[in-house]
Amino acid sequence: MSELNLELIEYINTSRLVWLLIFPYDDNELENKMKNALLITLIGTIFISGGAVAQERHTKDPRNASGKIGVEVDHHGELKLAFGNGAKNWYGENENEVIFLLEFETESNDGRFRFVNFDDRFGGIYADIISTKNESVLNTVGYMLPITADNGNTLFFPSINYSYLAVDEKNSLRSDVPKEFGGGNNSHLSSLNLYILHPWNDTHFTFIEMFGGHSFDGVEMEMYDLCWTQGMNSTILNSPATVYFKGQYTRTEVFGEFAPNGSINDEETTFSFGLDIKF
């Protein structure tokens, strides 16, 4: 078995362990804090022992397989930790990348896991799992096609997806849905994503993420998300790094027979500041 395949197996086994830490089944506060501390220690250990991957693509290109560790804080004081890694050309002779990214919010215990395989012959296939404690789990699988504009600089990454949303009864939207309505705790959605990356120069860049989903089974709903990131490539501790400011708007609307008042809306706007260190 090749060294790249052995590294890939190690990445996957590591992600399973981190996954169990991110989504604990015991609500005991002390145990959760211990797990959070262990998660941070594990990320640090992986960061120190992991080998470097040559960074050939832009830092915000979804195909960038470089490892990273990041910290982000929003205007509510919520702290998010991130760890990602990947491998290039781990199968065949064509250009390909396999990448994973873990995100964990220390206050709410919300978590996210993304895994993608890009191949220059067909594009990218990915899975995205978002868990918000006591609220919902959103699972998405999709196909992404990288597109380069004629200027050779701006990159587009449209994708078409299937999403499954499981809503906990403690969720504010779910609590307003009458229990006598069947299918009131989950929804199947078709969704579209679009990422836009525009480097203004070697230092500054803009990255835009757009998401829209509409249900075709279960709870009648629509989901929208718009995120604008303004970033700057820099150097921190003699390592390549990214410092950024981000604004994000999220809206979920439940309607039809599941909404006793015709429509139930849940929306949020957040502003964040963060940095990623590459390795």
Side-chain angles (χ1 to χ4, degrees), residues 18 21-23 32-33 36-37 39-40 43-44 47 58-62 64 66-85 99-116 126 128-138 140 155 157 159 163 171-172 191 193-200 203-213 223-237 239-252 265-279:
V18 177
L21 295 171
I22 288 180
F23 303 108
N32 282 344
K33 289 183 179 179
N36 293 347
L39 172 62
I40 297 172
I43 289 176
F47 173 73
H58 190 277
T59 183
K60 287 298 290 185
D61 190 318
N64 190 324
S66 298
K68 77 169 187 177
I69 186 168
V71 178
E72 179 182 306
V73 61
D74 66 21
H75 69 283
H76 298 298
E78 178 80 62
L79 182 66
K80 179 192 293 185
L81 304 176
F83 171 73
N85 214 333
I99 305 156
F100 75 85
L101 176 65
L102 291 161
E103 297 177 340
F104 176 58
E105 298 183 6
T106 58
E107 186 71 22
S108 63
N109 285 333
D110 292 353
R112 185 174 189 176
F113 173 73
R114 283 179 278 186
F115 183 87
V116 60
Y126 69 93
D128 189 352
I129 302 173
I130 302 174
S131 174
T132 56
K133 189 175 182 181
N134 295 329
E135 291 191 4
S136 60
V137 176
L138 177 65
T140 299
L155 299 174
F157 299 89
S159 67
S163 299
N171 181 279
S172 59
S191 57
N193 268 67
L194 177 61
Y195 297 164
I196 304 174
L197 170 61
H198 181 76
W200 298 99
T203 301
H204 299 280
F205 66 87
T206 298
F207 187 67
I208 302 172
E209 304 169 71
M210 292 180 283
F211 170 86
M223 300 180 67
Y224 302 99
D225 187 90
L226 175 62
C227 181
W228 183 293
T229 299
Q230 198 65 39
M232 177 183 72
N233 293 321
S234 58
T235 300
I236 299 177
L237 301 176
S239 298
T242 301
V243 180
Y244 62 88
F245 174 80
K246 181 170 71 176
Q248 184 170 7
Y249 172 75
T250 302
R251 176 183 174 88
T252 302
N265 300 321
D266 184 21
E267 57 185 0
E268 182 180 18
T269 301
T270 57
F271 298 96
S272 308
F273 174 81
L275 64 88
D276 296 330
I277 298 178
K278 311 296 181 180
F279 63 94

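Because only heavy atoms are used, hydrogens play no part in the values below, and waters and symmetry mates are left out as well, while side chains stay in. These numbers were taken from a predicted model, which means no experiment stands behind them.
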Considering all heavy atoms, the nearest [X]-[Y] contact:
X      : Y      : answer
Ser234 : Thr242 : OG-N, 4.4 Å
His75  : Thr269 : CE1-O, 3.3 Å
Phe279 : Gly84  : CZ-O, 4.1 Å
Glu78  : Thr106 : OE2-N, 3.6 Å
Asn85  : Gly67  : OD1-CA, 3.7 Å
Thr132 : Asp110 : CA-OD1, 3.3 Å

Problem set entry | Test side-chain hydrogen bond (donor to acceptor under 3.5 Å, both in side chains) applied to Glu72 - qualifying residues, sequence neighbours left out |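 With sequence neighbours excluded, Glu72 shows a side-chain hydrogen bond (donor to acceptor under 3.5 Å, both in side chains) to Tyr244, Lys246, Ser272, given in chain and number order.
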Exercise. Does Thr250 have any side-chain hydrogen bond (donor to acceptor under 3.5 Å, both in side chains) partners at least two apart in sequence or in another chain, and if so, which?
Worked result: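 Scan of Thr250 (side-chain hydrogen bond (donor to acceptor under 3.5 Å, both in side chains), adjacent residues dropped) gives Asp225.
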Straight-line distance of [X] [atom1] to [Y] [atom2], nearest 0.5 Å:
X      : Y      : atom1 : atom2 : value
His58  : Asn233 : NE2   : CG    : 5.0 Å
Phe211 : Met223 : CZ    : CE    : 5.5 Å
Leu81  : Glu105 : CG    : CD    : 9.5 Å
Ile277 : Lys68  : CD1   : NZ    : 11.5 Å
Asp128 : Thr140 : CG    : OG1   : 5.5 Å
Ile236 : Leu275 : CD1   : CG    : 5.0 Å

Problem set entry | Residues that Trp228 engages under ring-ring contact (aromatic ring centres under 6.0 Å, His included), provided they are two or more places apart |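 ring-ring contact (aromatic ring centres under 6.0 Å, His included) list for Trp228, sorted by chain: empty.
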For this session: Output all residues satisfying ring-ring contact (aromatic ring centres under 6.0 Å, His included) with Phe157, sequence neighbours left out; order by chain, then residue number.
Result: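 Scan of Phe157 (ring-ring contact (aromatic ring centres under 6.0 Å, His included), adjacent residues dropped) gives none.
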Heavy atoms, side chains only, cut-off 4.5 Å: are [X] and [Y] in contact?
X      : Y      : result
Lys80  : Asp74  : no
Glu209 : Asn193 : no
Lys278 : Asn64  : no
Glu268 : Thr270 : yes
Tyr126 : Pro62  : no
Met210 : Ile196 : yes
Val116 : Phe100 : no
Leu226 : Tyr224 : no

For this session: Could you label the plane-to-plane angle of the Phe271 and Phe245 rings as parallel, tilted or perpendicular, counting under 30° as parallel and over 60° as perpendicular?
Result: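 Geometry flag for Phe245 against Phe271: parallel rings.
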Exercise. Going by the angle between their ring planes, with limits at 30° and 60°, are Phe113 and Phe115 parallel, tilted or perpendicular?
Worked result: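 Ring orientation of Phe113 relative to Phe115: parallel.
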Exercise. Just wondering, more than 12 heavy atoms not from Glu107 lying within 6.0 Å of its CD?
Worked result: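 At most 12 heavy atoms, drawn from other residues, nucleotides or ligands, come within 6.0 Å of this atom.
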Exercise. How would you list, by chain and number, every residue that makes a salt bridge (Lys or Arg N to Asp or Glu O under 4.0 Å) with Asp61, sequence neighbours excluded?
Worked result: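 Partners of Asp61 by the salt bridge (Lys or Arg N to Asp or Glu O under 4.0 Å) criterion, ordered by chain and then number, come out as Arg63.
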For this session: With sequence neighbours left out, write down each residue that passes salt bridge (Lys or Arg N to Asp or Glu O under 4.0 Å) with Lys60, or none if nothing qualifies.
Result: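 Counting only residues at least two positions away or on another chain, Lys60 forms no salt bridge (Lys or Arg N to Asp or Glu O under 4.0 Å).
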